[in-house]
Amino acid sequence: MVDSRQLRYFAAVAHRLNFTRAAEDLLIAQPALSQTIRQLERELGVMLFERNTRGVTLTPPGEVLLRGAQRTLRELEVTVDEVRSFAGQVTGRVRLGAWQSMEVRLPDLLAAFRHEYPAVDVAVNELVSDAMLDGVRAGTLDAAMVVKREHVPMAGLASQPFITEPYDLAVAESHALAQRTAVRLGELAEEPFVMHRPGSAVRDQILHACADAGFRPRIALETGEMSAARAFVAAGLGITVLPRSSLASAGPVVRILSLRPTIHRTSILVWPQKGPRSAAAGSFLQFARANENLLH
């Protein structure tokens, strides 16, 4: 009979696709982990992983088991949290996805939440928007703070707007535009852009705005970090368009210009419309929705 310990060990290996790293996450010895997975495969009569010198990959039966394991482990976690709540204190863990530029505001919200719910831990995962929406739908994230995009379907998700702010242009101090205070987007058609990686809502918004201005930007560099984008710009490797809040934080010296027409970004909190929700996740959603002023 497959038990929750086996499913937890299996899910850890499936997440890392590496037995050594999974064993470190689980705080157990690798031989013990490998033995548990082999025993699970014998009980099920299928191979769950393809093993090679570079690591492991999930087999088709392994992919099926992973979906079920994630659902089962989540339901168990929700049930345990609900039972513990009868003791008079909300406990557990909230799995939150967040976009990078929110780091200048998110700590205030989390600090206030921790004061109200000291026994609840929050695990923050910084991911691109597409990955966060997938995580909320799959149940691997309880909620996420993402950029609103009109063309992205939100089926199965509930949402609440939080922050609306403009994008600005960042150029190096030596750039020809550095002495100006504003620039029309169409003037940047020949410039090399430092852009977010595919799957990022920031990237999608900038590409759509450039298309409306009549050009497709030349992407010279891609990065997943806003701080790295700023550093590349400061080094003269290109220009970048980023949310105003991220450019207002400390970092390498760049010149910041307003864009014409103004491009706005609206950030939203999203969560599943249906499905099991732990007491910890429910408390966080209620608190965040009632205290959105902490993010302004």
Side-chain angles (χ1 to χ4, degrees), residues 4 8 11 15 67 69-150 152-165 200-202 243 245-246 264-296:
S4 61
R8 186 163 59 88
H15 172 68
R67 290 194 293 270
Q70 289 173 332
R71 183 169 57 251
T72 299
L73 292 171
R74 182 57 180 159
E75 289 174 352
L76 177 60
E77 181 182 345
V78 168
T79 301
V80 169
D81 287 347
E82 287 178 351
V83 172
R84 285 175 173 167
S85 68
F86 282 94
Q89 186 178 44
V90 178
T91 64
R93 175 181 291 263
V94 178
R95 301 160 303 167
L96 176 66
W99 30 267
Q100 295 166 7
S101 67
M102 188 144 186
E103 63 188 9
V104 297
R105 296 183 175 105
L106 186 57
D108 291 338
L109 177 67
L110 296 184
F113 177 73
R114 171 61 63 84
H115 180 76
E116 189 78 16
Y117 297 93
V120 176
D121 295 325
V122 180
V124 179
N125 298 276
E126 290 190 351
L127 303 166
V128 296
S129 292
D130 286 354
M132 286 191 279
L133 293 177
D134 289 344
V136 174
R137 289 192 179 96
T140 58
L141 292 175
D142 297 304
M145 293 176 176
V146 302
V147 177
K148 182 179 180 182
R149 291 176 288 175
E150 299 297 336
V152 174
M154 299 290 286
L157 301 176
S159 65
Q160 174 175 316
F162 265 77
I163 302 170
T164 297
E165 64 174 334
S200 161
V202 172
S245 61
S246 67
H264 284 98
R265 177 184 71 167
T266 298
S267 300
I268 58 176
L269 177 69
V270 300
W271 63 93
Q273 283 183 328
K274 299 179 181 179
R277 181 180 301 157
S278 68
S283 298
F284 176 80
L285 286 170
Q286 182 179 14
F287 183 88
R289 296 178 66 191
N291 292 275
E292 62 174 289
N293 59 297
L294 293 172
L295 298 174
H296 291 277

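Bear in mind the structure is a predicted one, so any value in this text is a computation, not a measurement.
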Determine whether Gln160 and Ile268 make a side-chain contact, defined as any pair of heavy atoms from C-beta on separated by less than 4.5 Å. no
Verify, without hydrogens or angle tests, whether Arg277 (side chain) and Pro272 (backbone) share a donor-acceptor contact under 3.5 angstrom. yes
d(Leu141 CG, Trp271 CH2) to nearest 0.5 Å is 15.0 Å
Let me see the working for Tyr117 and Thr91 under side-chain contact (heavy atoms from CB on, under 4.5 Å), right down to the final yes or no. CA-CA 8 Å; Tyr117 297 93; Thr91 64; over 6 Å; no
Is Arg265 close to Ser245 at the side-chain level, that is, under 4.5 Å between some pair of heavy atoms? yes
The reported gap from CZ in Arg114 to CG in Asp121 (rounded to nearest 0.5 angstrom) is 5.5 Å
Of all heavy-atom pairs linking Ala143 and Val136, the shortest is C-CG2, 4.0 Å
Could you tell me whether the side chain of Val124 reaches within less than 4.5 Å of the side chain of Arg95, counting heavy atoms only? no
Side chains of Val120 and Phe113, heavy atoms from C-beta outward: is any pair under 4.5 Å? yes
With the side chain counted from C-beta on, respond yes when Leu269 and Arg289 share a heavy-atom pair under 4.5 Å apart, and no when they do not. yes
Do Leu133 and Leu157 have side chains that approach each other closer than 4.5 Å (heavy atoms only, starting at C-beta)? yes
List the atom of Glu165, the atom of Pro243, and the distance in Å for their closest heavy-atom pair. OE2-CB, 3.5 Å
Hey, could you give me the CG/CG distance between Leu127 and Asp134, rounded to the nearest 0.5 Å? 10.0 Å
Specify the closest pair of heavy atoms between Ser129 and Ala201, including all atoms of both residues, with the distance to one decimal. OG-CB, 3.2 Å
What distance do Phe162 atom CZ and Ser267 atom OG have between them, rounded to the nearest 0.5 Å? 10.0 Å
Exactly one of Met132, Met145, Arg137, Met154 clears side chain to side chain contact (heavy atoms under 4.5 Å, CB included) with Val270, and that residue is Met154
Would you indicate whether the side-chain heavy atoms of Asp142 and Leu285 approach each other to under 4.5 Å? no
Checking Thr140 side chain against Gly135 main chain: does a donor-acceptor pair fall under 3.5 Å? yes
Given side-chain contact (heavy atoms from CB on, under 4.5 Å), test Val147 with Thr266 step by step and report yes or no. CA-CA 6 Å; Val147 177; Thr266 298; over 6 Å; no
Side chains of Ser4 and Leu76: closer than 4.5 Å at any heavy-atom pair? yes
